[in-house]
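Order of appearance sets the numbers: ligands from 1, and atoms from 1 within every ligand.
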Amino acid sequence: MIELQDVTKQFPSGNIALRRLSLRVGKKELLTVVGPSGSGKTTLLRLIAGLEQPTSGRILFAGEDVANREPHARRIGMVFQRQNLLEHLSVLDNLLFSLRMRRQSRAVQQAKVDRVIELLDLTELLSRWPQELSGGEQQRIAIGRALVDDVTTLLLDEPLAQLDAVRQVELRQLIRSLPATTDTTVIYVTHDQSEALALGDRIAVLSAGELAQIGPPQEVFQAPATRFVARFIGSPRMNLLVGKQAGYDLEISGVTIRLPNAYDSDRAHVEVGIRPEDVTIGAAANSLPGEVQHVEFCGHESIAYVRVTGQPELIACRVAGSAQLKSGERIHLSINSDRLHLFLPDGSVARR
Ligand code: ATP
């Protein structure tokens, strides 16, 4: 298990990349770390790998503080966005490289390489040169290099970002299986929230160097801890409306919606989050009148963007199949009040 306790990283320039971050990742767990550019994802991996030292706080591996453990002694493999294969060596020699550097016996080298060749299905690639490989194949070899020397932890930093969608799906399946097949802890950094949701046993959401939320994907999606998480996770992102709330009544653009729960106090101004799948088109009691601005056809569904008077943003609404809606059409939107979130001015979630 890897544990970070209250870790802060400030660079000499004064930049604070991580603030008081605490989290635990279990053995055989796949944790995805997601956040916008500059939120501290790569710094987190570099700290775990020992390539950077925390300014304060502790990092523990299996309960032991690793502050004085050199990177090579941490038994970590790393894979980056761009492959880091040695161009002048064949695939097989790339796989053997770190084992040879450590002067391991030939028999041990062979056994370790054979294991990753089988695991990652690399036999047909062994005699090729890196420049003869596709991007997906290069990343498979990079994963093999990272895993070859009995690592306990695999750190992946946007490893699929350069690949096309088909290769991404293939490699994602492989990566998904690695914690179990290799008995490792896998920490996977991405800025792509859909990838984080699809891949992680749990996901950690970073915002400006702070841990905004950590939990199973379903929990983070359904019960976001802050407005930031609510808007960052999910695509199209959660709609944000403004309104006022008193007891069980929520007023949005002059329409009163009955809430399933009363909140801890009344608010003259509140932000209301609702996902596009929880907004339906059609007149009903307490529906909001609006005007269709545009419709995006996505194949199995369409996304309608609707202007509601008094609201700062267009409201996105998922419609099955190809929606027969025209720009300028006047419609009504119904909000599933069981699924809405109320946010306070500081971005936290209002308590019920
Ligand atoms: P991206 O998705 O763009 O790779 P990230 O979430 O991985 O971003 P980091 O690379 O960890 O973010 O950077 C976090 C913050 O720390 C940023 O503000 C960055 O500018 C800063 N930072 C990173 N490395 C250094 C460094 N060596 N010196 C000074 N500041 C740094």
Between [Y] and [X], is there a side-chain heavy-atom distance shorter than 4.5 Å?
| X | Y | answer |
| --- | --- | --- |
| Arg231 | Pro224 | no |
| Lys27 | Asp183 | yes |
| Arg339 | Glu277 | no |

Looking at [atom], what's its closest protein heavy atom, distance included?
| atom | result |
| --- | --- |
| atom 17 (C) of ligand 1 | Gly38 O, 3.8 Å |
| atom 23 (C) of ligand 1 | Phe11 CE1, 3.5 Å |
| atom 20 (O) of ligand 1 | Asn15 ND2, 3.7 Å |
| atom 9 (P) of ligand 1 | Thr43 OG1, 3.6 Å |

- prompt: With hydrophobic residues grouped by side-chain heavy-atom distances under 4.5 Å, do Ile214 and Leu206 end up in a single group?
  reply: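 Yes.
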query: In terms of hydrophobic clustering (I, L, V, M, F, W, Y; side-chain heavy atoms under 4.5 Å; direct or indirect links), are Ile252 and Tyr263 co-clustered?
result: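 Shared cluster, yes.
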- request: List the steps, then state whether side chain to side chain donor-acceptor pair (under 3.5 Å) holds for Thr256 with Asp249.
  value: CA-CA 6 Å; Thr256 301; Asp249 287 339; over 6 Å; no
Quick one: does ligand 1 sit under 4.0 Å from the side chain of [X], the backbone, both or neither, non-hydrogen atoms only?
| X | answer |
| --- | --- |
| Thr42 | both |
| Pro12 | neither |
| Lys41 | both |

- prompt: Counting from 1, what ligand 1 atoms have a heavy atom of Pro36 closer than 4.0 Å?
  reply: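 Atoms satisfying the 4.0 Å criterion: 6 (O).
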query: Which is closest to atom 16 (O) of ligand 1 in terms of heavy atoms, Ala17, Ser37, Ser13?
result: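 Result: the heavy atom closest to atom 16 (O) of ligand 1 is in Ala17.
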task: Kindly indicate, with the supporting measurements, whether the criterion side-chain contact (heavy atoms from CB on, under 4.5 Å) is fulfilled by Val7 and Arg20.
output: CA-CA 5 Å; Val7 167; Arg20 309 202 59 176; over 6 Å; no
Over 12 foreign heavy atoms within 6.0 Å of CD, Gln53: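 More than 12 within 6.0 Å, yes.
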task: Using non-hydrogen atoms of the residue, decide whether Gly40 is closer than 4.0 angstrom to ligand 1.
output: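 It does; at least one heavy atom falls under 4.0 Å.
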query: Do any heavy atoms of Gly209 fall under 4.0 Å from ligand 1?
result: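 No, Gly209 has no heavy atoms under 4.0 Å from ligand 1.
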- prompt: So, is Glu158 polar-close to ligand 1, with some N/O to N/O distance under 3.5 Å?
  reply: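 No, since none of the N or O atoms of Glu158 sits under 3.5 Å from an N or O of ligand 1.
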